[in-house]
Each structure stands twice: as structure tokens, then as C-alpha cells.
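Remember, it's a predicted structure, so these values are computed and weren't measured experimentally.
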Amino acid sequence: MEEKSYTETDWLLFRNKIAGWQEKYMERLNREYVILLTGDGLASDKFWELEKRIREDKTDTGVVVDMRRSMLIFNISNLLSTGVLTLDDLDEFSEGLKERMKYLIDKGL
């Protein structure tokens with residue numbers, strides 16, 4: 001069995017920070033949507049592209065999170081791989097969690 005690579009404090013910290021991280025990510029998505037909508041092209045093409053993007057984006061961990069403890073490592077890994085977070089955003093977390101994330105990044109998540 002794999003050793004747990006996070007602490008109770010990590011879980012509480014994640015629960016405290018996730019809403020802010022998600023808000024920041026959705027702000028980024030909104031800016032991308034504005035660029036898409038104000039770009040050149042047919043209004044219908046832009047509409048359907050936006051609809052496709054929203055359908056895809058709304059399932060990202062940066063938008064919706066399964067808040068079970070057992071999903072902590074998976075959630076942080078997804079947030080890192082989609083660019084919602086960087087390793088610097090994990091400064092306050094335990095060394096075990098940070099090492100686990102670095103390991104996953106080195107292995108290509």
C-alpha cells in the first residue's frame with residue numbers, strides 16, 4: 001500500500017485555498033472567452049466555439065472539485081497539469097505533499 005503523502009493540515013489548507021484558486025482560474029477563462037468573442041469571424045462560429053469551450057472547461061478541476069480527502073493528490077495534480085497552480089502555490093503545504101507533486105510532475109503527471 002502506498003504511504004500517505006499529505007497531512008491533515010494539507011487537507012485543511014487545500015479546503016481553505018481551493019475557492020480562491022478556482023476563482024482566479026475562472027477569471028482567466030472569462031478573459032479567454034472575451035478574446036474569442038471579440039475576435040474576427042462569424043458570430044455563429046464564435047458562439048459555437050464558446051459553447052464548446054464552456055462545455056469542456058466546466059469539467060476542469062479548476063472549476064469543479066470532488067472534495068473527498070482521497071482525491072486530494074489527484075486534485076492538486078490536475079490543478080498543476082492544467083496550469084491553475086504552480087509548485088510555488090504549494091509553499092505552505094507539507095514537504096511530503098510538495099515532494100509527491102514534484103515526483104508526479106517529473107513522471108509527466
Side-chain angles (χ1 to χ4, degrees):
M1 177 181 271
E2 184 179 306
E3 182 179 327
K4 191 165 111 175
S5 54
Y6 63 89
T7 66
E8 180 66 16
T9 301
D10 290 329
W11 169 244
L12 296 173
L13 193 55
F14 178 79
R15 288 183 51 168
N16 185 50
K17 290 185 170 284
I18 188 61
W21 290 337
Q22 288 177 303
E23 191 65 26
K24 182 178 173 185
Y25 179 64
M26 285 186 263
E27 285 175 10
R28 185 175 93 194
L29 290 176
N30 286 337
R31 286 190 302 273
E32 292 173 10
Y33 300 156
V34 167
I35 291 168
L36 186 151
L37 289 171
T38 57
D40 293 334
L42 297 173
S44 58
D45 291 341
K46 292 187 281 187
F47 174 87
W48 291 115
E49 180 61 25
L50 177 63
E51 190 274 336
K52 176 184 170 193
R53 280 285 313 273
I54 290 174
R55 188 173 3 102
E56 293 169 357
D57 292 341
K58 71 181 181 181
T59 62
D60 286 351
T61 308
V63 175
V64 64
V65 176
D66 182 346
M67 288 299 291
R68 291 180 286 166
R69 283 176 208 251
S70 61
M71 297 295 291
L72 178 65
I73 298 298
F74 177 80
N75 285 333
I76 293 175
S77 176
N78 276 344
L79 292 167
L80 288 167
S81 69
T82 57
V84 176
L85 297 181
T86 67
L87 286 174
D88 291 339
D89 293 311
L90 303 177
D91 281 345
E92 298 176 62
F93 288 81
S94 71
E95 287 304 313
L97 184 135
K98 290 187 284 190
E99 288 174 15
R100 178 71 174 164
M101 291 301 105
K102 287 176 189 171
Y103 172 81
L104 291 173
I105 288 170
D106 289 344
K107 294 295 181 185
L109 299 173

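Put simply, CG on Leu85 and CD1 on Ile76 are 7.5 Å apart, with the number rounded to the nearest 0.5 Å. Taking OG1 of Thr82 as the start and CG of Asp57 as the end, the distance is 10.0 Å to the nearest 0.5 Å. In this structure, NZ on Lys102 lies 10.5 Å from CG on Leu97, to the nearest 0.5 angstrom. Here CZ of Arg53 is found 10.5 Å from CG of Leu37. Values are rounded to the nearest 0.5 Å. Taking CG of Asn30 as the reference point, atom CD1 of Ile35 lies at 11.5 Å (rounded to 0.5 Å). Taken from CD1 in Ile105 to OG in Ser81, the straight-line distance is 9.0 Å, to the nearest 0.5 Å.
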query: Stepwise, does the side chain to side chain contact (heavy atoms under 4.5 Å, CB included) test hold for Ile54 with Tyr33?
result: CA-CA 9 Å; Ile54 290 174; Tyr33 300 156; 3.8 Å; yes
Begin from the C-alpha positions of Arg28 and Glu32 and carry the test salt bridge (Lys or Arg N to Asp or Glu O under 4.0 Å) through to its verdict. CA-CA 6 Å; Arg28 185 175 93 194; Glu32 292 173 10; 3.8 Å; yes
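Trp48 and Leu29 are members of different hydrophobic clusters when ILVMFWY side chains are connected at heavy-atom separations under 4.5 Å. Linking Ile, Leu, Val, Met, Phe, Trp and Tyr whenever their side-chain heavy atoms come within less than 4.5 Å leaves Val64 and Met26 in two separate clusters.
Closest non-hydrogen pair, Phe14 versus Met67, comes out as CE2-SD, 3.7 Å. Taking every heavy atom of both residues into account, Arg55 and Lys58 meet most closely at O-CG, 3.5 Å. Here the closest non-hydrogen pair linking Asp66 and Asn75 is O-ND2, 2.9 Å.
Thr38 contributes a side-chain N or O that, together with a main-chain N or O of Val34, makes up a donor-acceptor pair within less than 3.5 Å. Asp89 contributes a side-chain N or O that, together with a main-chain N or O of Thr86, makes up a donor-acceptor pair within less than 3.5 Å. Counting only distance, with no hydrogens or angles, the side chain of Asp10 and the backbone of Ser94 share a donor-acceptor pair below 3.5 Å. Under the 3.5 Å distance criterion, the side-chain polar atoms of Lys46 are left unmatched by any main-chain donor or acceptor of Leu36.
Among residues two or more places apart in sequence or in another chain, the side-chain contact (heavy atoms from CB on, under 4.5 Å) test is passed with Leu12 by Glu8.
Ion pair Lys98/Glu95 flagged as a salt bridge, since at least one NZ, NE, NH1 or NH2 atom sits closer than 4.0 Å to an Asp/Glu carboxylate oxygen.
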Please output the side-chain donor-acceptor pairs of residues 15-25 that fall under 3.5 Å, not counting sequence neighbours, one pair per line with the distance.
from: Lys17; atom 1: NZ; to: Glu92; atom 2: OE2; distance (Å): 2.9
from: Gln22; atom 1: NE2; to: Val63; atom 2: O; distance (Å): 3.0
from: Tyr25; atom 1: OH; to: Asp60; atom 2: OD2; distance (Å): 2.6

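In this structure, the side chains of Leu42 and Phe47 stay at 4.5 Å or more apart for every pair of heavy atoms. Between Asn78 and Val84 there is no side-chain heavy-atom pair separated by less than 4.5 Å.
Phe74 forms part of a hydrophobic cluster together with Met71, judged by ILVMFWY side-chain heavy-atom separations under 4.5 Å.
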